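Written below as structure tokens is the structure these notes are about.
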Amino acid sequence: MLRMSTLFLRTLREDPADAEVPSHKLLVRAGYVRRVAPGIYSWLPLGLKVLNHVASVIREEMDAIGAQEVQFPALLPREPYEATNRWTEYGDGLFRLKDRKGNDYLLGPTHEELFTLLVKSEYSSYKDLPVSLYQVQTKYRDEARPRAGILRGREFLMKDSYSFDLDDEGLQRSYDAHRGAYTRIFERLGMDYRIVSAVSGAMGGSASEEFLAVAPTGEDTFVSCTACDYAANVEAASVRAPEPTDPAAAPPQEVVDTPDTPTIETLVAVMRDKGYDIGPEHTLKNVVLMLRQPTGERSPLVVGVPGDREVDLKAVEANVYPAEVEPFEGGDFAKYAGLVRGYIGPQVLKNLGIRFLVDPRITTGSAWVTGANEPGKHAVNVVMGRDFEPDGVVPAAEVKAGDACPRCGSPLDIGRGIEIGHVFQLGRKFADVFSLDVLGPQGKPVRVTMGSYGIGVSRAVAAIAEQSHDEKGLVWPRSVAPADVHVAAVGKGDPLPEAERLAAELEKQGLTVLLDDRGTSPGVAFKDAELLGIPTILVVGKGLANGEVEIRDRRSGEARTVPVGEAVAAVVADVRG
RNA sequence: CGGGGCGUAGCGUAGUGGCUAGCGCGCCUGCUUUGGGAGCAGGAGAUCGGGAGUUCGAAUCUCCCCGCCCCGACCA
């Protein structure tokens, strides 16, 4: 039994000044976590209970699909990460250190290398596969900007698992098993989440989906269809392109004087003054970027998007990998005299030898208002397939609410979410690096294919707090609450002995109990109970005079009075639902 | 990485007119109080983020560093 009189807990009456998001404020105020360094937090007794409960749910569901738990060190030698080039690729994101002999070590940001090597060292036959291994372990990433308390920390607890299969069908089965387990985990954690398509990124591999906890404070933006079940991270959202039309059918191009129109807004205003019925969506804006190849070679790239949309640099970067996208600086314009700042149009790019990519919304036959490549002039009815021809297509324009679903055409919604899980078909990237083969039934080596699956355990605690709180404090789902019931002895007349007796009785029934035996004034006891967020509160106080106690539901706020003799059964019934 | 704001006791903050650093909460002692963050009295607790500098004298002015929060990273 947790007794508040001795529990290591100090609640705060006011929000910490450095906290912005609800989970950070409340987890600190309620005494669940304390910051020790940027992005690094200690878990206090109640917080640790929640964290462990989340981990338990995850372990149960992982075990249920036959995955086996192992534990790697957090402190790792450089060599395996050198082999996969991640020692370099991770850059400043990696915590590096040296031992007394000067050898390089790192604090593991993720463990694909170690799992691959472990399986390689132990298994050598197709009969051993498939196998899935997982661990619940502290990860380290030296984030450029840790934020929002434990939502994005530099040290965090993660469940990561890896599947090993002989072929693509096996990988798909392992992937589906993990996806199912994740669904059950987040259901049990009481979370409001969406499964969205994700980008595989530079890692290669194919299928990749993220589990996003829906929350306005989330760092990820996703689209979801209002009609069908399409949902995707905006970084991976595909576009429903308009039908191509015949370029020859378009009206002729004309050039218009448009002085002082460096932005889309000013351009549209001037064009309207001149009698052209256009909006920003009819303009084609051409963003100049600089691509830097790994070799250091730099070359310009122009990306065309409808004028009412922003360019998503991440999407561009994902498409030009391994090149990196850099801003096109003022000095660069001097080097490319054909590019007229503010009045760039695609008509001349081919002649200038500059690579031009367009968003899929720019289709053959579509006509645009765009720069005329002369200061103070724009061109109207610039038609793709007639007046310019792109070198390729890149989904560079941001998605907006109301855009057509790429699957069914219905309007899309936009939402924010916290990435709490990621399932990913890695394929053979790591197996290739470490030559992870097993001997097949024909006596020939078979390259193993892998899946990688992660859940941010500590982040899930914060995500639950983001989704489950009110103005009074936290409201834990029963599956993770630090205790099943909060018994508060309040008011005069020494209610403590009866509260103790009821608490002991509840424990005998198998419930976990937090007992407020501090003897504070009732207001303090109630405020703290609400702040801590245990789902059921049993108030033992003034009602005792009539042989009654009060049972409160933290989430709904409903309270009911029951005879003392029925209290235990009533609470047990509430907790067991 | 860039820009802005901020850093004073465990928490929230006042004080920048240069000279004994104040308040609220929390904490300790005593008495009173006990169904919505009680009252009275007494008390402990601060290298004013760190370092260097200017000065007779610095929380306050200057420089550097560290940390926190927000915004930005392209505007054709």
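Since we're looking at a predicted model, the values are computed, not measured. Numbers restart at 1 for each chain; the letters A, B, ... are given by sequence-line order, proteins then strands.
- Residue-level contact check: A:Asp15 touches the backbone only, with heavy atoms under 4.0 Å from sugar-phosphate atoms and none from bases.
- Ion pairing between A:Arg152 and A:Glu219 holds under the 4.0 Å rule for side-chain N and carboxylate O.
- The ring-ring contact (aromatic ring centres under 6.0 Å, His included) check on A:Phe222 picks up nothing, with sequence neighbours excluded.
- The interatomic distance linking A:Leu496 (CG) with B:rU34 (P) rounds to 17 Å, in whole Å.
- The CG-P distance, from A:Leu27 to B:rC11, rounds to 17 Å in whole Å.
- For RNA chain B, no neighbouring residue in residues 212-223 of chain A is found when judged by any heavy atom under 4.0 Å.
- Across all non-hydrogen atoms, the minimal contact from A:Ala483 to A:Val513 is CB-C, 4.1 Å.
- Going from atom CZ of A:Arg34 over to atom C1' of B:rG10 covers 9 Å, rounded to whole Å.
- When the C1' atom is compared between B:rG30 and B:rA44, the two are found 15 Å apart, to the nearest whole Å.
- Nucleotides B:rC48 and B:rG67 place their C1' atoms 16 Å apart, quoted to the nearest Å.
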Please list each protein N or O that sits under 3.5 Å from an N or O in nucleotides 66-69 of chain B, with the distance.
residue	atom	partner	partner atom	Å
B:rG67	O3'	A:Arg35	NH2	3.4
B:rG67	O2'	A:Arg35	NH2	3.4

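- We find that A:Arg560 and A:Asp553 are not joined by a salt bridge, their nearest charged nitrogen and carboxylate oxygen being 4.0 Å or further apart.
- Base engagement by A:Thr520 is indicated by at least one non-hydrogen atom pair under 4.0 Å involving a base atom.
- Rounded to whole Å, atom C1' of B:rG36 lies 10 Å from atom NZ of A:Lys542.
- For the atom pair A:Thr6 OG1 and A:Asp517 CG, the distance stands at 6.5 Å (nearest 0.5 Å).
- Remark: the A:Asn286 side chain and the A:Thr370 side chain contain an N/O donor-acceptor pair separated by less than 3.5 Å.
- Atom C1' of nucleotide B:rC11 and atom CG of A:Leu531 are separated by 13 Å, given to the nearest angstrom.
- Counting non-hydrogen atoms under 4.0 angstrom, A:Gly371 reaches nothing in the nucleic acid.
- When the P atom is compared between B:rU62 and B:rG5, the two are found 13 Å apart, to the nearest whole Å.
- Side chains of A:Thr561 and A:Glu550: no donor on one and acceptor on the other come within 3.5 Å.
- In this structure, A:Arg552 satisfies the cation-pi test against A:Phe526, with its NZ or CZ atom closer than 6.0 Å to the six-membered ring centre and inside 45 degrees of the ring normal.
- Nucleotides B:rG49 and B:rC66 are separated by 7 Å at their C1' atoms, to the nearest Å.
- Here, B:rC6 and B:rG42 have their C1' atoms 36 Å apart, quoted to the whole Å.
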Pairs under 3.5 Å (N/O, protein and nucleotides 26-33 of chain B):
residue	atom	partner	partner atom	Å
B:rG26	OP1	A:Arg13	NH2	2.9

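- On the C1' atoms, B:rA58 is 39 Å away from B:rG37, given to the nearest whole Å.
- In this structure, B:rU20 forms no base pair with any nucleotide, since neither Watson-Crick nor G-U wobble geometry is met with both distances under 3.5 Å.
- Side-chain polar atoms of A:His422 and A:Glu419 form a donor-acceptor pair below 3.5 angstrom.
- B:rA52 is paired with B:rU62 under the Watson-Crick or G-U wobble criterion, all donor-acceptor distances under 3.5 Å.
- Distance A:Phe526 CZ to B:rA38 P: 12 Å, rounded to the nearest Å.
- Side chain to side chain, A:Arg555 and A:Ser468 meet the donor-acceptor criterion of an N or O pair below 3.5 Å.
- The same atom, P, is picked in B:rA52 and in B:rU13; the two are 29 Å apart, to the nearest Å.
- No hydrogens or angles considered: a donor-acceptor pair under 3.5 Å links the side chains of A:Arg416 and A:Thr221.
- Taking a pair to require two hydrogen-bonding distances under 3.5 Å in either a Watson-Crick or a G-U wobble arrangement, B:rG37 remains unpaired.
- Using a 4.0 Å heavy-atom criterion, one finds that A:Gly493 contacts no nucleic acid atom at all.
- B:rA14 is unpaired under the criterion used here, namely a Watson-Crick or G-U wobble arrangement in which both key atom distances are under 3.5 Å.
- Rounded to whole Å, the distance from CG on A:Asp142 to P on B:rC1 is 12 Å.
- With A:Asp470 contributing its side chain and A:Gly473 its backbone, the two residues share a donor-acceptor pair below 3.5 Å.
- Take A:Arg355 and apply the salt bridge (Lys or Arg N to Asp or Glu O under 4.0 Å) test, not counting sequence neighbours, and it matches no residue.
- Straight-line distance from the CG atom of A:Asp359 to the C1' atom of B:rC74: 15 Å, rounded to whole Å.
- Pair assignment for B:rU47: none, as no Watson-Crick or G-U wobble contacts are both less than 3.5 Å.
- B:rC11 and B:rA73 have their C1' atoms separated by 35 Å, with the value rounded to a whole Å.
- Here A:Val539 lies in heavy-atom contact (under 4.0 Å) with a base.
- Summary of the strand contacts: A:Leu12 and A:Pro522 both lie near RNA chain B, and taking for each the nucleotide with the nearest heavy atom, the more 5' one is attributed to A:Leu12.
- Contact check, A:Lys527 against B:rG37: no side-chain N or O comes under 4.0 Å of OP1 or OP2.
- The salt bridge (Lys or Arg N to Asp or Glu O under 4.0 Å) pairs that include a residue from residues 359-373 of chain A are A:Asp359-A:Arg361, A:Arg361-A:Asp403, where partners are two or more places apart or lie in different chains.
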